[in-house]
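Here is the structure we will look at, set down as structure tokens.
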Amino acid sequence: MLRLVVRRLLQLIPTLLGLSVLLFLWLNRLPGGPASAILGERATEADVARINRALGLDQPVWVQYGRFLKRVVQLDLGTSTQTGQPVWDEFVLRFPATVELSVAAMLIAVAAGIPLGYLAARRRGGWLDVTAVSGSLIGICVPVFFLALLLKGVFAVGLGLFPSYGRLSTGLDATGVTGFAVLDGLLTGEFDATWDALVHLVLPAVTLASIPLAVIVRMTRASVLEVVGEDYVRTAESKGLEKRVVRVRHVLRNALLPVVTAVGLLTGSLLSGAVLTESVFSFGGIGSFIRTSIDARDYPVLVGFIMFIAMVYVLINLLVDLAYSLIDPRVRVH
């Protein structure tokens, strides 16, 4: 297992290096250069020259790239032009909210999607199968922002069952330990804050889970239908093994391989910032911060965001590989 982890980490280094090259080239190809992008359209030549000297942009390209790579390795992603704070500090401040929302959404999607996809495959052509396939198609087709506004209008504004915005109610603050509202409430003994954070999570998490849930249902159904027809499943059934053993050990376990890949990719996309969901519910995570950074042309934040999310994807891919090796031991030898 350790050899697998080391091998995967070494294979991911060229990926990050390639991404750093693309980001560096993008920065140097901005209209008017990075200095003009930072100063705006009304920047004078003197101001541009001053920024170029301050940022080292008057140096040869290979020197600039070396400095850029060194800063990235040191997690020095620059300073936000909006807040004046280091980009890394801004991400650390907002990332827990995005993680909390993404994990909640993925738990909903996995907990509902895998059983529903499996049952739909086992009852192919029945009402449950038709309902699951139709529902998953609707989940993929309905825009996230429309679903967010719909749920907010019905369950928050109309019925008043859930809060309509934020992570915690006014007067509650339990994010001083780890930044995760639910966990910090438990750690500090403020269980009212934990319950309040969970209630605030419901509508954004259900909204964000709609597309992953639809994908997981369809992939699980297709994978189970494929595995059920394999020879080893028929052999297990012919030997008289219990149906539960056949379904769990032979069917579901092998059907989960492509589903694990999908879950990993979907989790990475959720962690990259649910821009629309966070904006509608004013959740205060990375997604809403990136939206304001795009409007403000805050390029240090955008560059740091891309590198930050790339590292997140690298770690998620590693976890997916480890999950593969646990589900299918044959993977460990490759």
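As the structure is a computational prediction, the values presented were derived from the model and not from experiment.
There is a path of hydrophobic side-chain contacts, each under 4.5 Å, that joins Val202 to Val280. Transitive grouping of hydrophobic side chains (ILVMFWY, heavy atoms separated by less than 4.5 Å) keeps Val133 and Ile114 in distinct clusters. Trp127 and Val217 fall within a single hydrophobic cluster, where Ile, Leu, Val, Met, Phe, Trp and Tyr side chains are chained together by heavy-atom contacts under 4.5 Å. Under the 4.5 Å side-chain heavy-atom criterion for ILVMFWY residues, no single connected hydrophobic cluster contains both Leu315 and Val99. In the hydrophobic clustering of this structure, Phe155 groups with Trp195; members are Ile, Leu, Val, Met, Phe, Trp, Tyr whose side-chain heavy atoms approach within less than 4.5 Å, directly or through other members.
For the side-chain contact (heavy atoms from CB on, under 4.5 Å) test, residues two or more places apart in sequence or in another chain that qualify with Pro143 are Phe145, Phe146. Residues that satisfy the side-chain contact (heavy atoms from CB on, under 4.5 Å) test with Ser293, not counting sequence neighbours, are Gln82, Phe289, Asp298, Val301, Leu302. For Arg124, the salt bridge (charged side-chain N to carboxylate O under 4.0 Å, His left out) criterion is met by no residue, not counting sequence neighbours.
Heavy-atom minimum distance, Ser164 versus Lys152: O-CE, 3.2 Å. Scanning all heavy atoms of the two residues, the minimum distance from Gln85 to Glu90 falls at CB-OE2, 3.1 Å. When every heavy atom of Tyr65 is checked against every heavy atom of Ser20, the shortest pair comes out as OH-OG, 2.9 Å. Nearest heavy-atom pair, Arg221 versus Ala120, reported as atom, atom and distance to 0.1 Å: CD-CB, 4.2 Å. The shortest non-hydrogen separation linking Pro96 to Phe91 is CD-O, 4.4 Å. Closest non-hydrogen pair, Pro163 versus Val199, comes out as CD-CG1, 3.3 Å.
How far CD1 of Ile140 is from CG of Leu213: 9.5 Å, rounded to the nearest 0.5 Å. Between the CG atom in Leu203 and the CG atom in Leu208 there is a gap of 12.5 Å [rounded to 0.5 Å]. Between atom CG of residue Leu161 and atom CG of residue Leu151 there is a gap of 11.5 Å, rounded to the nearest 0.5 Å. Rounded to the nearest 0.5 angstrom, Leu225 CG and Tyr118 OH are separated by 11.0 Å. Atoms OG1 and CG, from Thr267 and Leu319 in turn, are 9.5 Å apart once rounded to the nearest 0.5 Å. Residue Arg167 holds its CZ atom at 9.5 Å from CG of Leu101, rounded to the nearest 0.5 Å.
With hydrogens and angles ignored, the 3.5 Å screen pairs a side-chain donor or acceptor of Ser102 with a backbone N or O of Thr98. The main-chain N or O of Thr220 is never found under 3.5 Å from a side-chain atom of Ser223 such that the two would form a donor-acceptor pair.
Using a cutoff of 4.0 Å between basic side-chain nitrogens and carboxylate oxygens, Arg291 and Glu278 are not scored as salt-bridged.
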| said: Evaluate Leu128 against Leu116 for side chain to side chain contact (heavy atoms under 4.5 Å, CB included), listing each step before the verdict. | reply: CA-CA 9 Å; Leu128 180 59; Leu116 189 57; 3.9 Å; yes
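The shortest side-chain heavy-atom distance between Ile290 and Arg94 does not fall under the 4.5 Å cut-off. In this structure, the side chains of Leu147 and Thr277 stay at 4.5 Å or more apart for every pair of heavy atoms.
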